[in-house]
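Step one of this worksheet: look at the structure below.
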Amino acid sequence: MKSILTPLGPKADKDTVRRHNLSLVLRAVRDEGESGEATRAGVAARVGLTRAAVSSLVEQLMDSGFLTESGKTFSGQAGRPGTALKVARTGPAGLGVEINIDYVSVCVVDLAGTGRVRQTEHLDNRGAPAEEVLPRAAAIAARTLDSAREQELRPVGAALALPGLVSGGAVRQAPNLGWNEVPAQDLFGDALAALRPGLGVLPVASENEANLAALAELWFGGLGDVRSFLYLTGEIGVGGALVLNGELLRGAHGFAGEIGHVMVDPDGPECRCGSRGCLEQYAGQNALLRAAGVQGAGGGSGVLELERRARAGDRRAVAAVAEAGRMLGRVVSGAVNLVDPDAVVLGGIYRGLMPWLSPPADEELTGRVVSGLWSPGSGRLRASSVAGDAARGAAALVVQDVLDDPVAYAEPSGG
């Protein structure tokens with residue numbers, strides 16, 4: 001039998017090894033800072049390098065503006081106290097831009113993952129051409145970058161969170177926006193560069209918004225030890241993402257997770273994607289508001305009115321949310337049977353509707369998950385945290401690149 005060999009990369013030289021170790025130390029300080037104080041000795045123990053090697057790497061990271069140190073910290077063990085290390089609150093950062101159906105949200109995240117600047121504008125982007133929406137988003141991003149500069153933050157890249165099928169820098173299809181084959185990265189990047197003459201071109205990446213919301217939940221949410229989960233976000237449409245063992249599953253072409261277009265009923269209502277009976281026609285925002293009889297209040301105000309009516313015990317509102325929960329449970333049970341995640345996380349508009357949405361969804365999951373491991377109230381069906389939003393996930397995606405190779409993002413000489 002013929003063996004299949006994986007091509008080997010070039011041998012790592014001293015520079016490559018040092019760059020790798022700089023990343024290890026920077027990540028270790030960042031992670032230790034989340035739970036306490038990091039010291040050179042603690043970092044050395046964590047990454048498996050000598051104290052002398054870590055000290056050299058720390059000095060380089062401080063000289064480049066990635067780390068700071070302050071005071072003395074006592075470990076309770078013999079030896080001299082060490083200085084406390086932290087990732088810098090200034091310098092390299094990430095810019096995240098979420099373009100959704102009825103709003104644009106932009107944020108800047110620092111190396112610690114902290115959201116430092118946020119600007120959100122509620123805009124009706126349905127039916128608006130991409131050539132109008134993306135420059136408008138770039139204008140919001142430019143103002144956000146100005147605010148970041150005032151805090152001595154230096155965003156080194158931008159990431160777009162976009163609804164629909166996203167690959168190769170383009171929105172291949174976004175039914176609820178009416179976009180097809182839109183070169184989103186180029187349109188946004190050109191508009192942003194035109195607004196910031198003389199400040200250089202900011203690299204732009206793009207990803208599906210549900211994927212980035214799921215990554216934000218993984219990195220900043222309250223999942224604890226959960227590393228495999230299915231994430232659903234309810235907006236105008238229904239987005240989905242799958243994280244397995246801490247890694248986002250993108251699929252062969254980057255289109256994994258389009259659970260909103262899983263068919264519930266072949267004879268159901270026509271969907272904007274061209275099919276019939278898709279899940280979002282039963283559990284999307286418009287479907288929910290219509291079923292609940294909430295009229296004349298679109299976007300966030302409509303959802304708030306739906307929540308208010310449900311809390312007041314309005315029968316029609318409660319029944320509409322419960323039916324959406326049942327449909328979600330039926331579709332999600334198939335995904336649970338297929339990939340066996342530890343949890344299902346509901347975000348977007350679903351977070352505030354959980355008291356009425358989750359019991360019928362849980363009931364469907366209990367009856368349909370074949371492993372028998374699903375039971376109502378088990379905690380496997382949970383609301384997303386407030387930290388798990390797509391704009392923050394997009395900004396953090398840029399920060400991950402910095403943490404992977406800090407040398408590539410050091411402040412240019414004389415900058």
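Scope of the values below: all heavy atoms of this structure, side chains included, with no hydrogens, waters or symmetry mates.
- Ion pairing of R250 with E207 is present here, as a side-chain N (NZ or NE/NH1/NH2) and a carboxylate O approach within less than 4.0 Å.
- Comment: R27 engages D404 in a salt bridge, judged by a side-chain N to carboxylate O separation of less than 4.0 angstrom.
- Of all heavy-atom pairs between A292 and A320, the closest is N-CB, 3.7 Å.
- Y231 OH to L223 CG: the interatomic distance, rounded to the nearest 0.5 Å, is 10.0 Å.
- Put simply, the side chain of R51 never gets that close to the backbone of A44: no donor and acceptor are under 3.5 Å apart.
- Taking the salt bridge (Lys or Arg N to Asp or Glu O under 4.0 Å) definition, one finds that R368 meets it with E364, sequence neighbours left out.
- Distance alone, capped at 3.5 Å, is enough to place a donor-acceptor pair between the R392 side chain and the G113 backbone.
- When side chains are defined from C-beta on, L24 does not count as touching L57, because their heavy atoms never get closer than 4.5 Å.
- Looking at every heavy atom in both residues, A191 comes nearest to P135 through CB-CA, 3.8 Å.
- The backbone N or O of P163 lies less than 3.5 Å from no partner atom in the side chain of W179, so there is not a single donor-acceptor pair.
- At distances below 3.5 Å, not a single donor-acceptor pair connects side-chain atoms of E181 with backbone N or O atoms of V171.
- At a cut-off of 3.5 Å, with distance as the only test, no side-chain donor of E98 or S105 sits close to an acceptor on the other residue.
- Within a 6.0 Å sphere centred on CD of Q400, other residues, nucleotides and ligands contribute more than 12 heavy atoms.
- A distance of 10.0 Å separates CG in D389 from OG1 in T233, rounded to the nearest 0.5 Å.
- Checking R89 against Q151 by side-chain atom types alone, no donor-acceptor pair falls below 3.5 Å.
- The shortest side-chain heavy-atom distance between L22 and L61 falls under the 4.5 Å cut-off.
- Ion pairing of D267 with R276 is absent here, as no side-chain N (NZ or NE/NH1/NH2) approaches a carboxylate O to less than 4.0 Å.
- Side-chain contact between T39 and T83 is absent, with no heavy atoms from C-beta onward closer than 4.5 Å.
- The closest donor-acceptor contact from the side chain of S384 to the backbone of V345 lies at 3.5 Å or more, if one exists at all.
- The side-chain hydrogen bond (donor to acceptor under 3.5 Å, both in side chains) check on D362 picks up W374, with sequence neighbours excluded.
- One N or O on the side chain of R382 and one on the backbone of G379 form a donor-acceptor pair closer than 3.5 Å.
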- What's the verdict on salt bridge (Lys or Arg N to Asp or Glu O under 4.0 Å) for R149 and D146, showing C-alpha distance, side-chain angles and the deciding distance? CA-CA 5 Å; R149 195 180 305 114; D146 289 340; 3.1 Å; yes

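- Here the side chain of Q281 pairs no donor or acceptor atom with the backbone of G268 at under 3.5 angstrom.
- The closest side-chain donor-acceptor pair between R380 and S375, if any, does not fall under 3.5 angstrom.
- Summarising the geometry of L145 relative to L202, their closest heavy-atom pair is CD1-CD2, 4.3 Å, with the distance given to 0.1 Å.
- Atom CG of residue N176 and atom CG of residue N125 lie 11.5 Å apart, to the nearest 0.5 angstrom.
- Residue L165 holds its CG atom at 9.5 Å from CZ of R172, rounded to the nearest 0.5 Å.
- A donor-acceptor contact shorter than 3.5 Å is absent between the side chain of N100 and the backbone of Y103.
- Taking every heavy atom of both residues into account, A93 and L153 meet most closely at CB-CD2, 4.2 Å.
- By the 4.5 Å heavy-atom criterion applied to side chains, V109 and R116 are not counted as neighbours.
- Salt bridge annotation for R40-E69: present, with a cationic side-chain nitrogen under 4.0 angstrom from a carboxylate oxygen.
- Taking a cutoff of 4.0 Å between a charged side-chain nitrogen and a carboxylate oxygen, E307 and R351 do not qualify as a salt bridge.
- Within 6.0 Å of CD on E363 lie no more than 12 heavy atoms contributed by other residues, nucleotides or ligands.
- Of the inter-residue distances, the one linking I349 atom CD1 with L306 atom CG reads 7.5 Å to the nearest 0.5 angstrom.
- Looking only at side-chain heavy atoms (C-beta outward), F229 and L218 come within less than 4.5 Å of each other.
- Under the 4.5 Å side-chain criterion, counting only non-hydrogen atoms from C-beta, V402 is in contact with V156.
- With hydrogens and angles disregarded, a donor-acceptor distance shorter than 3.5 Å links the side chain of S64 to the backbone of Q60.
- For the pair A216 and A387, the tightest heavy-atom approach, listed with the atom from each and the gap, is CB-O, 4.0 Å.
- The pair R126-D102 does not count as a salt bridge, with every side-chain nitrogen at least 4.0 angstrom from each carboxylate oxygen.
- Within the 4.5 Å cutoff, the side chain of N208 has no heavy atoms near those of the L162 side chain.
- Atoms CD and CZ, on E121 and R136 in that order, are 8.5 Å from each other to the nearest 0.5 Å.
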- Message: Let's go through E247 and N245 carefully: what are the C-alpha distance in whole Å and the side-chain angles of both, what is the deciding distance for side-chain hydrogen bond (donor to acceptor under 3.5 Å, both in side chains) to 0.1 Å, and is it a yes or a no?
- Response: CA-CA 6 Å; E247 297 290 335; N245 297 321; over 6 Å; no

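- For the pair A28 and V47, the tightest heavy-atom approach, listed with the atom from each and the gap, is CB-CG1, 3.8 Å.
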